[in-house]
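So you know, we letter chains A, B, ... as the sequences are listed, proteins then strands, and number each from 1.
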Amino acid sequence: ASDVGEVHEDFKTLKEEVQRETREVGRLSQVGQGSLLSSLCNLLGKKKELQDLEFELEGALDKGHEVTLEALPKDVLLSKESMGAILYFLGALTVLSEAQQKLLAKSMEKKILPVQLKLVESTLEQNFLQEKEGVFPLRPELLSSLREEELTLTEALVGLSGLEVQRSSPQYMWDPDTLPRLCALYAGLSLLQLLAGS
Amino acid sequence: MTMFENVTRALARQLNPHGDLTPLDSLIDFKSFRPFCVVLRKRKSTLFWGARYLRTDYSLLGLLEPGTSPTDPTDAGSFGFKNMLDAHLEGEVDVPRTVKVKGTAGLSRNSTLEVQTLSVAPTALESLHKERKLAADHPFLKEMRERGENLYVVMEVVETVQEVTLERAGKAEGCFSLPFFAPLGLQGSVNHKEAVTIPKGCVLAFRVRQLMISGQDEWDIPHLYNDSMQTFPAGEKPEEEKFTLIQ
């Protein structure tokens, strides 16, 4: 994670950071990843419980003690690095609203996370350093594979992070104030896509 | 995201884009982020969505041996860009910004927000550093030393000059009323009316610097710090590498 006081530069830095942490989670066994996914599925939409888990894991990182997670089907050994990566993503997920967390779970169920991730990634890539609000064209292919219901779900998910997509044009409204929330959404989508894919 | 978070994030970005001014997440915690308050930083944090600090309920002044405290430990400075901030917040607390994906919403706000900065005066810090050592036996310091935590001291805050009430009302329709959103319980979460009263003197954003401790009772707050610096001397934290998640 970035140092405090260190100014991040661009989307590439974020992408590398997320990829680094994703790789750590990817090093978990299949059972471990499955356990994490089922645990998260139970907690998405319950912000307080997600935060409690985060604090519990932080405590474990401090003291090395065992952590009980109700949703986990089996004992899972975690390295310090994996634990850190899980904490990183929990931090991102807890930035999102409960509504967004529920929408993420629904998106996972509908298997549209890759499309949503591509949409957010593409938007961040183009506007990361853009400091002024504006309307930008949306590449039609980004949403073309989605059906009506999935499109609505996606609009709501990114909309709650402040990215307003207009499918009629198609275009989107960029607001630099939404950057932190979109970065957190990007990280959350990356994690869930990894877990759901495996 | 709560109204309070919306406001503090907008403020931090407006005052210090891409800088190290950290918005406060929770209104209820503001008294624990006054100048000299000691805070912890989450182990895994990132500036991309905000370095996050945890309150400790301790002030640096309370962790030092008894002695004289600076009579005026802070410098205050009012901001002169109230209008600019107002204009910005007008949009920022606009619920439809996030919900108007399909909805209709109204926003009302019956007050404006005035802020000022308070920062620890360099002379106050210098005299504290010269005159007062750390209370080495303080239980909090002992616990933090055992855990190998890094400690940070709030050195500058942006606070409200007057009490202010912000209101917003959201009434989302369209996509959120589609049948498949109902089981997710989303209608309730976007159809709402809320208001928050931010008291006078409420910290909205803050800056920290790392507390460095050497030996048992020597301390310093350097101007620059990074992740490699440890508040407590290295080698005092037990090494643990593996963690078990148990059903």
### Task
Against chain A, label B/L54 side chain, backbone, both or neither, depending on which of its atoms sit under 4.5 Å from a heavy atom there.
side chain
### Query
Which answer fits A/Q166, side chain, backbone, both or neither, if we ask what part of it has an atom under 4.5 Å from a heavy atom of chain B?
neither
### Task
Identify which of A/A92, A/A85, A/G45 forms the greatest number of heavy-atom pairs closer than 4.5 Å to chain B.
A/A92
### Task
Step through it carefully: locate the ring centre of A/Y186, locate the ring centre of B/W49, and say whether they are under 6.0 Å apart.
no
#### Entry: Working for side-chain contact (heavy atoms from CB on, under 4.5 Å), residues A/L179 and B/F48
CA-CA 8 Å; A/L179 187 59; B/F48 286 113; over 6 Å; no
### Task
Please list, chain by chain and in numerical order, all residues satisfying ring-ring contact (aromatic ring centres under 6.0 Å, His included) with B/F30, sequence neighbours excluded.
none
## Note on the structure
Okay, A/A105 and chain B: the region with an atom under 4.5 Å from a heavy atom over there is neither
